[in-house]
Every structure is written in structure tokens, then in C-alpha cells.
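Only a predicted model underlies this, so the values are computations on that prediction, with no experimental measurement involved. Each chain gets a letter, A, B and so on, in the order its sequence line appears, and its residues count up from 1. The figures here come from the full heavy-atom set of this structure, side chains too, leaving out hydrogens, waters and symmetry mates.
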Amino acid sequence: MKERKAKQALAIMVAGLLFLVACKKTVTQIVQSAPNNTNNSWQSLDVVNIIGANFYNSGCFNDSLFTLANGTFYFTMNVGKNGFSNGLFTSLLNVNDNLQATSAINFYNNYCIYYATNNTINILHIPYNNQFSQFIYVPNYTPGLYSIFSQLYYSPDQCYPVGSYPLNSGHYMLSPVETADYKTVRFDLVNLDTSFIGPPGIPTHPNMSSVKMVSVSPAAGTLSATSFYYCATFFNKFFVNFNSQLYRIDTLGNVKAFGYNPVTPTVGNNFRFYNMFSIGNNLFINSFGKIFYSTDKGETWQQFNTISNYPNASSYVFRTIDYKLYATIMGSNKLFIVGMNGNNFYLNELNNAGIPDNSRITSLTRVGKYLFVTTYNGVYYRDTAYVNQLKTPIH
Amino acid sequence: MKYVLFIVLAVFIAIGCKKNDSVNYTAAIVGNWRYQNSQIDTLNSAGKLYNSHTVYDAALVANFADSLQFNANDTAYYILGGRTTYTTYKVTNNQLSLMGSTDTARLLITQLNTVSLQLKINTNNLTINYYANFVKY
């Protein structure tokens, strides 16, 4: 009997042990895989960087990247797709690199506009990847007046979107031309009618009847003073900073003079207008880190909050790429993505590994699945899926 | 003897069925989390809690994220004001490592279940314990 009870006890204990084992919860840890190195840094666009040049600006037409380096205009085909094995690097046109022409060259869809000489602005029209037509715009001067055709421009790492000659509504261009007293200035509003485009490679002149003269004067109670020239276009209007004044000029030649700045017209407040960008229908001006914004397409302005987590953001240049807002710093290889929360901008620094420390970012252009960065030290690219990798997880 | 055996069996059952507090953090953290608030505990010089308050910390949102998305692989997405950024991440026990390209933040997961996530964020201040609370969405 005792032996039987002992067996029963042993059986119960074994059953209990089995139950215990069966009820134990299993904890499993998954080992995370290391990030793929090829996705962890920017890559050099070697097919272009073999020339070792300073790259000032870039643009995208079709699946090709257009770049400007040391006075030469290049295009690289087939860069927007997977890899660059069939990338073709071709010198299109030698451009006069003097007279600060570099900062004045701007890329738009099928157009490249640049200040070429003391008396000419060149407008390239590029209907195909390896062909271009060329306008040469030479203004008519009035005897006895002073030319102000030549201007001081911001370098491309200081300004966005362009700095001088943006293309408005697809076919309008604006340039200061001359003055009698350095106060009232004549601008030329040029309608670049494509019907005047000549055959590829042969320079032509636009029809001068398509040029409208626009008289521009400082706002009441303000004075003009020589300064850098900046012009951007949004919502089919030109926004111009000229002679320390802010103007809005439309394609009919109507001028609105804001004064020294858009909020306090008669008080300068060190307003320096070299960066403009839009988020939806809201328009922004960045002036030395002081942000102004307009909700009525640039007709009236208010001051925005400063950049919350980077208080000393005076040298940031905001750049819109595919509805996302990025920022660079003048003279730097740093790249930031910008978020907006209420009336505040927040900057987060992105991984810029692969872009050499001594580079100065001059432009950002997306072509296909890649984002390209031009710098004074070459061109670099990264798959857009990895561009927004943070440098520091928590700022 | 029967009573002894019964008690032994009951103990085994009790031990066997005891709720295990272990959390599979790696699996449980996967999903979308929205920042709710922060709990800030202040300690006295003896290390004892003497004040605790809960706030919505706009600075944390600005410098971290108002939404976090952990995918099942190794990527943590941060969402704020229309922009999405990311780092890789790794969970080891209750430590969450967020790895940027140059810096890594190591946070303690102090609470994680199907609806809430609490992360202890290093403040470099011995008298303040900072916890960020997120809710699943």
C-alpha cells in the first residue's frame, strides 16, 4: 500500500513538473541587423567628380542631371534610375565664369538663365538632353543714364531658390538695367516667347518688342542704398531685394514697394533677403534667421517665430525639395530637415557622411530616386529613401 | 499523505501558472506610438522622490518626435510637422538604442504594453528622472 502511494505521489510530482514547464513563458530577443553600409552615406558621383571642380548649381531635365562647374555647363544622363553605369558625362557649353556669373545661373525646366557679360544675359533652352538653343539678351540703354545691369549676387550656397534671374510663369525674366539717380531704376521685364527659339546651337535674340520697361522706386519714407541683388519668383510674381528695398513685381509690370522690409517698411532691422520658400500656399522669407511669412501670396507679411531649436540660425538657407523643407548652412556641408509645429520651425541634422567636411553645399536636386547635392567639392548623391537618416537620434 | 501530495501539487500549479512579468520588448515595441506627455520626477539630495508632475513637453517634441513608428526590422521613424526622419534601432532587454549616423541614444523602456509605451530619457541630471509617455495608435 505504501509503495502504491509513493508511486502516486511521484506521478503527481512529475505531472506538476510537466505543468510547470508547460506554463513557462518564453522570451525571445530578435537581434537587429546592422544598417547596410551602402545606404549609410552619400556617394560621390564619380562620373562627374573626375574634373574636381566647384559645382555651383544643378537642375533636372527628364532623367538627366545638369550641373554648372567652373564656368562649364554639364549634363549627366540616366542618373535617376538604378545606378549610374550608363551615366554619360558631357560638357555642353563653356560659360564665362567671371563677373560673378556663377551665382547668377539658374536652372528651370528646360531653361538655364545666366548673367554672361557686362551687357548680356544668356538664356539656354534645352529641348533635349544634348541639345540647346540660346537666347542672348542685350538691353537697350538710354544715353546719359547709368547702367546697373551688373549686380552683386549672393553665392549659391547663400541663397535659394536662385539669386538673380528666375523664370516666372514659364517665360518671364526680369533684370535691372539703368538709372538716372540711383533711386528710380528701370527694370526690363522680358517675355521669352519660345517661338523665337532658333535651331539648336545657334544663338538668337528674343524679340525686343516682348520687353516691357518697369520703373521701380523706393517706398515712401525710405531711401535706396546699394546692396546685393536677389530675385525669386512664386505665385507668378517676382520678389526682388534691390538697393536695400523689397519689391513685388507682377508679369504685367505692376510694382509694390514694401520698403526696407515687409513688416516695418521704414525700419531696416538688418533685413537681408536672400532666401525665399513656400509651404503650400504660405510664402516665407528668411532674412538672417528672421522669418517672415505671407498667407496671401506675398501681398502682406507677418513675422514668424524664430527657429526654435537652433536659435543662431542666421546663416541657414531653406530649400524645398518635393514638398519637404531642407536647410543648409552657408559655407558648410551640413544638411538639415525642417519640421513645422505651429509657428515654429524645428531643424534636425541629417547624416551627411560621404560629403567631405570642406564642402560647401550649393544646391539640392532630385532626379528620379536619387537626391543630388552639388558642392564646391564635387557632386554627391543618395537614394531618397535614406536621405532623412538622422545624425543624432535626439537633438 | 494525500494532503501533503495535494499541497505539493497545488504549489507546482501555482508556480507553473504564475504570471510571467517578462515582456517581449522587441516584439511589443513594433507599431505606431504618439507622444502623450512627460512625467518629470524630481529627487532630493538623498535620492528620494519629492516632486512629480506631468506636462506636455513641446521641447521634447521638437527635439525628438511627436510620433514614433518602429517597424519589425530595425528602423524607427520619427514624425513631426510633416517631416519623417529615421534611425536604426535595437532592443536589448528593456534598453532601446536609437542609432543615428554619428550618435546613439540609449533609453530605458520603463513601461510597455499593448496601449502604452514609456521611455526613460537620460537628462544628465541626477536629481531629475524624465519619462516620455506614448500611446499606441
Side-chain angles (χ1 to χ4, degrees), chain A residues 2 5-6 8-36 40-41 279-280 308-309 323-326 337-342 344-354 385-395, chain B residues 1-2 4-6 8-27 30 58-66 72-93 97-107 121-122:
Chain A
K2 265 186 180 177
K5 282 186 178 174
Q8 281 178 342
L10 185 62
I12 291 170
M13 286 172 71
V14 169
L17 271 172
L18 289 173
F19 195 74
L20 179 66
V21 171
C23 285
K24 187 173 185 313
K25 197 172 184 177
T26 302
V27 176
T28 307
Q29 298 290 341
I30 299 171
V31 177
Q32 306 292 330
S33 60
N36 187 336
N40 209 31
S41 64
I279 301 175
S308 298
N309 59 344
Y323 309 105
K324 296 188 183 74
L325 188 59
Y326 292 87
I337 190 166
V338 185
M340 191 163 71
N341 194 11
N344 290 296
F345 282 130
Y346 297 107
L347 272 59
N348 284 93
E349 188 171 358
L350 298 176
N351 178 12
N352 65 345
Y386 302 104
V387 165
N388 292 347
Q389 182 189 19
L390 290 174
K391 200 168 189 175
T392 302
I394 303 176
H395 177 67
Chain B
M1 187 63 184
K2 278 186 181 174
V4 173
L5 290 175
F6 181 78
V8 169
L9 182 60
V11 168
F12 277 136
I13 291 173
I15 293 172
C17 290
K18 181 179 180 300
K19 186 182 176 186
N20 193 319
D21 289 334
S22 300
V23 175
N24 183 348
Y25 293 102
T26 304
V30 172
L60 181 88
V61 170
N63 295 315
F64 189 20
D66 64 5
N73 189 16
D74 63 357
T75 307
Y77 294 97
Y78 308 44
I79 300 171
L80 169 64
R83 64 113 172 92
T84 300
T85 55
Y86 79 94
T87 65
T88 51
Y89 80 92
K90 180 180 179 182
V91 173
T92 306
N93 298 318
S97 298
L98 297 168
M99 295 167 280
S101 64
T102 59
D103 292 332
T104 296
R106 293 181 175 82
L107 314 178
I121 294 176
N122 185 9

Next on the checklist: Report which part of Tyr78(B) has an atom under 4.5 Å of a heavy atom belonging to chain A: side chain, backbone, both, or neither.
Outcome noted: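 Just its side chain gets close to chain A.
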Item to check | Contact class of Leu107(B) relative to chain A, heavy atoms under 4.5 angstrom | outcome: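 Looking at Leu107(B), just its side chain touches chain A.
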Toward chain B, the part of [X] with a non-hydrogen atom under 4.5 Å:
| X | answer |
| --- | --- |
| Lys324(A) | neither |
| Ile279(A) | neither |
| Tyr386(A) | both |

Next on the checklist: Tyr86(B): which residues meet the ring-ring contact (aromatic ring centres under 6.0 Å, His included) condition with it, sequence neighbours left out?
Outcome noted: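 Listed in chain order: nothing, the list is empty.
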Using 0.5 Å steps for rounding, measure from the [atom1] atom of [X] to the [atom2] atom of [Y].
| X | Y | atom1 | atom2 | result |
| --- | --- | --- | --- | --- |
| Ile394(A) | Thr104(B) | CD1 | OG1 | 11.0 Å |
| Glu349(A) | Asp103(B) | CD | CG | 9.5 Å |
| Thr85(B) | Leu390(A) | OG1 | CG | 3.5 Å |

Checklist entry - Quick one: of Ala105(B), Ser101(B), Gly100(B), who has the most non-hydrogen atom pairs under 4.5 Å with chain A? => result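 Option with the greatest count: Ser101(B).
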Item to check | Contact summary for Phe64(B) and Pro393(A), nearest pair of heavy atoms | outcome: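 Scanning both residues completely, I find the closest heavy atoms to be CD1-O, 4.0 Å.
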Item to check | Atom of Thr84(B), atom of Asn388(A) and distance for their closest heavy-atom approach | outcome: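 Between these two residues, the closest heavy atoms are O-ND2, 3.0 Å.
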